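Below is one structure; the comments refer to it alone.
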Number of protein chains: 2
Amino acid sequence: MAKMQKEYNLSKNQQIVFDIIEKSSEPVKAYSILYNVKKKGIKAPPQVYRALEKLIKLGKIHKVESKNAFVACKSSNCEISKATAFSICEICEKVTEIANNKLSNFLNSFEDKSGMKYKKYNLEFFGLCKKCKKT
Amino acid sequence: MAKMQKEYNLSKNQQIVFDIIEKSSEPVKAYSILYNVKKKGIKAPPQVYRALEKLIKLGKIHKVESKNAFVACKSSNCEISKATAFSICEICEKVTEIANNKLSNFLNSFEDKSGMKYKKYNLEFFGLCKKCKKT
DNA sequence: AACACTATGTAATAATATAACATTTGAAAG
DNA sequence: CTTTCAAATGTTATATTATTACATAGTGTT
Ligand SMILES: [Zn+2]
Ligand SMILES: [Zn+2]
Ligand SMILES: [Zn+2]
Ligand SMILES: [Zn+2]
């Protein structure tokens with residue numbers, strides 16, 4: 001029971017790619033992953049992109065669209081990758097996943113006059129992080 | 001007074017690129033723009049990307065990040081490109097800019113516990129448009 | 001004219017992502 | 001156990017998106 005069955009269902013390549021992203025303190029780019037996994041036998045872009053695609057579907061990582069980079073999911077609220085929100089510092093580029101019920105409730109129930117009901121959203125906030133605000 | 005001074009300050013290339021985007025009923029990709037302006041003397045990617053960059057700064061167009069494509073601003077609320085929201089149909093890929101005060105007020109005043117204050121956001125909703133929902 | 005600033009033209013290349021096809025693996029069913 | 005089927009992998013090539021770097025030209029100001 002120690003590990004609470006975490007990522008037992010990941011395949012070899014998926015696990016390798018996930019480990020890299022999870023260990024990183026910042027968003028990771030696909031080709032940076034590729035470079036870092038060459039030593040583990042992954043040699044070509046499709047291997048990385050397929051793993052990324054699967055991990056996104058599983059909700060284990062998210063793509064930060066404005067940066068073409070990937071982060072591990074920290075909130076465990078978005079297991080199916082349906083509702084994601086990030087804060088992005090415009091100076092140091094730090095990206096943090098936002099877990100805020102008021103925000104997610106508001107957005108999940110948002111419905112506009114077009115009659116379109118949304119099943120998924122991605123929100124990216126930009127500003128200055130605490131550290132960078134001081135300087 | 002007929003035209004209410006609209007885009008008088010756009011340079012030649014900026015105007016050419018903007019016209020293409022504004023006339024399109026769907027998001028336009030950079031290389032599609034490039035292809036379409038070859039006849040007007042614009043020959044290389046940087047010319048297009050520079051115009052795009054400027055138009056974005058001016059708030060006349062927005063980039064739809066999840067599609068790497070560009071749309072003309074329809075809301076005139078986001079003159080400085082600070083607060084953008086789009087609805088995107090997952091089937092026909094139609095993109096519509098959302099102008100909704102409740103939404104923009106909520107997001108503009110959103111502040112999370114990290115102490116980070118946001119000056120900009122981009123939100124992309126995904127779902128099925130009215131037309132595609134029927135089928 | 002001299003200056004600063006913005007925009008343009010052009011060639012080369014970098015960075016991101018997918019197509020296509022052959023092969024392997026692993027779990028489920030018979 | 002072996003047949004079967006879906007998922008995952010390996011590999012080559014190519015498509016798509018975006019930027020660097022440098023030279024030139026226009027525009028307005030002093
Ligand atoms: Zn998440
Ligand atoms: Zn910062
Ligand atoms: Zn707009
Ligand atoms: Zn649709």
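Keep in mind that what you see is a predicted model, and the values were worked out from it rather than measured. Proteins get letters first, then strands, A, B, ... in listed order; numbering begins at 1 in each.
Side-chain proximity of A/P46 to the nucleotides C/dA17, D/dT17, D/dT12 is greatest for D/dT12.
Atom-to-atom, CD1 of B/I16 to P of C/dA7 comes out at 14 Å; the value is rounded to the nearest Å. Atom pair A/N9:CG and D/dA8:P shows a separation of 10 Å (rounding to whole Å applied). In this structure, B/K43 atom NZ and C/dA7 atom P are separated by 21 Å, rounded to whole Å. Note: CG (B/L52) to P (C/dA7) measures 14 Å, nearest angstrom. Across the protein-nucleic acid pair, A/N68 atom CG and D/dA18 atom P stand 7 Å apart, rounded to whole Å. As rounded to whole Å, 11 Å separates atom P of D/dT9 from atom CD of A/Q15. Between the P atom of C/dA7 and the CG atom of B/L10 lies a distance of 10 Å, rounded to the nearest Å. Between B/L34 atom CG and C/dG9 atom C1' there is a gap of 13 Å when expressed in whole angstrom units.
Between C/dG26 and A/K12, no contact under 4.0 Å exists linking OP1 or OP2 to a side-chain N or O. Proximity of A/S11 to the phosphate of D/dA7: no side-chain N or O atom is located under 4.0 Å from OP1 or OP2. Within the 4.0 Å cut-off from OP1 or OP2 of C/dT6, not a single side-chain nitrogen or oxygen of B/N13 is found. Phosphate proximity of D/dT17 to B/K29: present, with a side-chain N or O under 4.0 Å from OP1 or OP2. One finds no side-chain N or O of B/Q47 lying less than 4.0 angstrom from the OP1 or OP2 phosphate oxygen of C/dT8.
Mapping A/K54 and A/A44 onto DNA chain D by nearest heavy atom places A/K54 at the nucleotide closer to the 5' end. Two residues, B/R50 and A/S32, neighbour DNA chain C, and the one matched to the more 5' nucleotide by heavy-atom proximity is B/R50.
Remark: the B/Y118 side chain and the B/D112 side chain contain an N/O donor-acceptor pair separated by less than 3.5 Å.
Between B/F86 and B/F125, the ring center distance fails the sub-6.0 Å criterion.
Put simply, the side chain of B/Q14 gets close to the backbone of B/S11: a donor and an acceptor are under 3.5 Å apart. Checked by atom type and distance alone, the side chain of A/S104 pairs as donor or acceptor with a backbone atom of A/N100 at under 3.5 Å. Not a single donor-acceptor pair under 3.5 Å links the side chain of B/E124 to the backbone N or O of B/A85.
Here B/K63 lies in heavy-atom contact (under 4.0 Å) with sugar-phosphate atoms only.
For C/dA17, the base has a donor-acceptor partner in the side chain of A/Y31 [N/O atoms by modelled type, under 3.5 angstrom].
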